[in-house]
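Reading through the structure tokens given below for one structure.
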Number of protein chains: 2
Amino acid sequence: MRSYKDIHNILLERIKDGEWAPGSLVPSEADLALEFGCTRVTVNRAMQALADSGLIERRRKAGTRVVQRMTRNAVFEIQIVRHEIEQRGGSYKYLLIGRSEEVPPQKVRAEMGLSGEETLLHVLSLHFADGAPYQIEDRWISLETVPQARHEPFDTLSPNEWLLREIPYTNAEHVFRAARPEPKESDYLNLGEGEPVFVIERTTWLSDAAVTHVRLVHPADSFRLVTRDQHGTAL
Amino acid sequence: MRSYKDIHNILLERIKDGEWAPGSLVPSEADLALEFGCTRVTVNRAMQALADSGLIERRRKAGTRVVQRMTRNAVFEIQIVRHEIEQRGGSYKYLLIGRSEEVPPQKVRAEMGLSGEETLLHVLSLHFADGAPYQIEDRWISLETVPQARHEPFDTLSPNEWLLREIPYTNAEHVFRAARPEPKESDYLNLGEGEPVFVIERTTWLSDAAVTHVRLVHPADSFRLVTRDQHGTAL
DNA sequence: AAGTGGTCTAGACCACAGC
DNA sequence: CTGTGGTCTAGACCACTTT
């Protein structure tokens, strides 16, 4: 018996091997159903999986083609800083530097899509790995969207961890950059002369309502972001 | 009539709104089928989509639970550098600096999983946006996996573009870092004093056979990597 | 043993886009 | 108008895993 996963893998091989070249038309579902001795629905499931991973494009009547555009997606996982460090066997420490309610600078307001001059919760903190500064977390939290944050001291639990626990679902936008550190940052991170920093800026929303904006600053010499993408093993 | 997409969205809302809290058990397929007045298969498709995007976890007999794991995925798209620049309305230029067959340094061999001392094709080139250096492409190509590359001059078509066109499918691994530029790089990119670089290292495979390893170096002051993740709009 | 998800079949109707 | 994909139903059997 051939499952739709089997069929998916067979079709995948044909694309990989170039048997079905990029841009070429592949047989119709009905034909493939005949070939594999199964229902059209089963073939459909296999093809939909391939379409989801972006390897084929399907249009009614026009049929199914192997994609020509060869853009690839890379996925990386954002997790709690503490887990990130502990997973590598490192020892983790958290330090709260400051916590206050302020009107954020224009730049932050723009990122979060805020119009007025509302005050947000501003939390500045440091994360350490094995005793060395690992990350500055400079965060703004919307008290309108997340009023519970007002009562959180953030003295032992980082905003990063608290938010990921509390907020059930979000959309996010990330910016990654290399940069020269600001003097303060250089100080906090205990950076060597001329050492750049790796900056991640993330804004998250809960159904169109901005939740938080954070600037994460890492020493370049000890930080790298890694992804491992396996296009073929999905499903 | 309720399609599986409708059901998917309804269930998604329940997770977003916290009606189904993280870690909680959600009703069985049979129950939901009753609620929505459709077949269990239809509910199954909706739930599988949610499981695929990582929002729920399903185990036979144990049932389906909203995930507690607090990680988020960010996705970015790898595309041809030329398109990246032209899409922003910039003018693109390509310059080949060097092309030779060499034994790569140990570090590259390790990344690509090469054991022997085989010679690879080494191509060094520059990509310009609006006349300014945008990216150094320092690339090694396996002539075993991609023998066609031997006959490519790469004088007008970049390896980046050629490979993305020719190689139908790969797995990839990325490393992102901030770094101080090497003197040569600083020279090629025409960097200001003390300006760091943003480095992407990518290795790709075609079914376990290493295809290529590339080091992409960008001036930090003019480069940022952006992702926009919409957890909810998939499917 | 029993409950839950995983998947298949056979047949059907619809939606869309080329012709 | 017709071919192709998109999806649903009703019923069935199987595969896990927990009890």
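Contact annotation: A:Thr64 side-chain N/O to D:dT4 OP1/OP2 distance is not under 4.0 Å. Look at B:Asn44 and you won't find any side-chain N or O under 4.0 angstrom from OP1 or OP2 of C:dG5. Between B:Lys5 and D:dT7 there is a side-chain polar atom (N or O) within less than 4.0 angstrom of OP1 or OP2. Look at A:Gln48 and you won't find any side-chain N or O under 4.0 angstrom from OP1 or OP2 of D:dG5. The shortest distance between the side-chain N/O atoms of B:Ser3 and the OP1/OP2 oxygens of D:dG6 is not below 4.0 Å. Listed pair B:Arg58 / C:dT4 fails the phosphate criterion, with no side-chain N or O lying under 4.0 Å from OP1 or OP2.
Following rounding to the nearest Å, B:Leu32 (CG) and C:dG6 (P) show an atom-to-atom distance of 13 Å. At whole-Å resolution of the value, CG in A:Leu50 and P in D:dG5 are 13 Å apart. When the P atom of D:dG5 is taken as reference, atom CD of A:Glu57 falls 14 Å away, rounded to whole Å. Straight-line distance from the NE2 atom of B:His8 to the C1' atom of D:dG6: 17 Å, rounded to whole Å. One atom, CG of B:Leu25, and another, P of C:dG3, lie 15 Å apart when rounded to the nearest Å. A:Glu29 places its CD atom 17 Å from the P atom of C:dC16, with the value rounded to the nearest Å. The distance between atom CZ of B:Phe36 and atom C1' of D:dT9, rounded to the nearest whole Å, is 17 Å. Atoms CG (A:Asp31) and C1' (D:dT4) sit 11 Å apart, rounded to a whole Å.
Between A:Arg202 and A:Glu173, no side-chain nitrogen of the basic residue sits less than 4.0 Å from a carboxylate oxygen of the acidic one, so the salt-bridge criterion is not met.
Here the nucleotide nearest the side chain of B:Cys38, chosen from D:dT7, D:dT4, D:dT9, is D:dT9.
Panel note: side chain A:Arg99, backbone A:Glu152; a donor-acceptor pair is recorded below 3.5 Å.
In this model, a donor atom of one side chain and an acceptor atom of the other lie less than 3.5 Å apart for A:His127 and A:Glu137. Residues B:His213 and B:Glu111 bring no donor and acceptor atom of their side chains to less than 3.5 Å of each other.
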For nucleotides 11-19 of chain D, just jot down a letter per nucleotide in 5' to 3' order: B, S or -, based on protein non-hydrogen atoms under 4.0 Å. BB--BBBB-

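Checked against salt bridge (Lys or Arg N to Asp or Glu O under 4.0 Å), B:Glu144 has no partners two or more places apart in sequence or in another chain. By the ring pair (Phe, Tyr, Trp, His ring centres under 6.0 Å) test, B:Phe154 is found to be paired with B:Trp162, residues two or more places apart in sequence or in another chain being considered.
Taking 4.5 Å as the limit, some side-chain heavy atom of A:Val81 sits within range of a side-chain heavy atom of A:Tyr134.
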